[in-house]
Amino acid sequence: MSRVWNFSAGPAVLPEAVLRQAADEMLDWHGSGMGVMEMSHRGKEFTAIAAQAEADLRELLAVPANYRILFMQGGAIAENAIIPMNLMGDRRVADYVVTGSWSQKSQKEARKYAEVNIAASSEASGFASVPAMAEWKLSADPAYVFTCTNETIGGVEYPFEPDLAQIGRGEVPVVADMSSHILSRAIDVSKYGLIFGGAQKNIGPAGLTIVIVREDLLGRAMPHCPTAFDFKTVADNGSMYNTPPTYAIYIAGLVFQWLKRQGGVAAIEVQNVAKAKLLYDFLDASDFYENRVERACRSRMNVPFFLKDEALNEAFLAESKAAGLVQLKGHKSVGGMRASIYNAMPLAGVAALVDFMRDFAARRG
Ligand SMILES: *Cc1c(COP(=O)(O)O)cnc(C)c1O
């Protein structure tokens, strides 16, 4: 067996130790005589798995006691509808900060359920930056302010936490799509009303959506909100109103345990900074490659880059693949290349990429 260095944006690389443990436990989880996929979600085995996963996530992100952790389905894209359906309450307007493809998609979907005010947008600058909070034009009484704190496609990450208290609007809940950088860096959960993300970038398999929501925001769902997507129903039923994505929760739980063994979020953040620095420093020193995102807003997780001679793109992709470095093709809307270097990508993988890129440039430059 040989494993590649997998730079996929998602579904993405998982820690090898997690995959090995899951393989070992595939037919018989802890002497139960069953695999996790075969268990009732209400049985004592799976209930314990889910409770442990939730407790570990709460510990890793230091989630305060007045926040609920929900394990849902539908992915981040479904949340684009589920969130306004749950949070609008009797308000009319929701504010959106648009910093790339994902927040753009979110504000479009929200228009089915709310009047959307674009509080700030970096579209004019080609989504290469994050508008400073001082420039955000919030409406008078928005239900929430929506942000995407790491734009997976553009490779743009907030260099600050969107703490509205700093602009005198601390009463407005901040919603953050953290799909592609949750658990990659320390955050202060208390600054947010709701954090959400699909699991398949930095947590585990596709099919699981994590929602972390402040308790006072529960119980405001629109009458036509599907019951299975009403945050209060999900919370009141311990994420088991309907059958949850049990195997995805189990794998996510193994990833949380792995992350704790690495030293938790603070320790993985140190590694993530080192990985990103290695790659960006190389790109900046090169006259063969470039990254076009404003330096302060460059994502530590998703690194889009371009060959200055785009005629070499196909050769770059073919040769990198032959060298065991895969999924480097950029998103079709951006072009070029993209290396996603999530928590489970070791420094050695990024070093292998940089070595290949240096060699390719020397041969083709
Ligand atoms: C991948 C991604 C999504 C879409 O997730 P789905 O699981 O396909 O719904 C939304 N937002 C961000 C930031 C993402 O990275």
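Only a predicted model underlies this, so the values are computations on that prediction, with no experimental measurement involved. Order of listing sets the numbers, starting from 1, for every ligand and every atom in it. Numbering starts at 1 and runs along the sequence shown.
For ligand 1, the atoms lying closer than 4.0 Å to a non-hydrogen atom of N150 are 13 (C). Close approach of ligand 1 to T152 (heavy-atom distance below 4.0 Å) involves ligand atoms 12 (C), 13 (C), 14 (C), 15 (O). When each atom of ligand 1 is checked for a heavy atom of Q200 under 4.0 Å away, the hits are 5 (O), 6 (P), 7 (O), 8 (O). Ligand 1 places these atoms under 4.0 Å from at least one heavy atom of G75: 7 (O), 9 (O).
Residue A76 has at least one N or O atom closer than 3.5 Å to an N or O atom of ligand 1. For a threshold of 3.5 Å applied to N or O pairs, the pair formed by K201 and ligand 1 contains at least one separation below that value. Checking only distances, G198 never comes within under 3.5 Å of ligand 1, N or O to N or O.
Classification of K232 and D230 as a salt-bridged pair fails, no side-chain N sitting under 4.0 Å from a carboxylate O.
Between the side chains of R261 and Q257, no donor-acceptor pair of N or O atoms lies under 3.5 Å.
Checked against a 6.0 Å centroid threshold, the rings of Y144 and Y192 do not count as neighbours.
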Given side-chain hydrogen bond (donor to acceptor under 3.5 Å, both in side chains), test D95 with S139 step by step and report yes or no.
CA-CA 7 Å; D95 287 355; S139 52; 2.7 Å; yes
Criterion salt bridge (charged side-chain N to carboxylate O under 4.0 Å, His left out) on K321 and E319, from CA distance to verdict
CA-CA 5 Å; K321 185 167 182 213; E319 291 184 29; over 6 Å; no
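Neither the backbone nor the side chain of E151 has a heavy atom within less than 4.0 Å of ligand 1.
The protein non-hydrogen atom at the shortest distance from atom 9 (O) of ligand 1 is I77 N, 2.8 Å.
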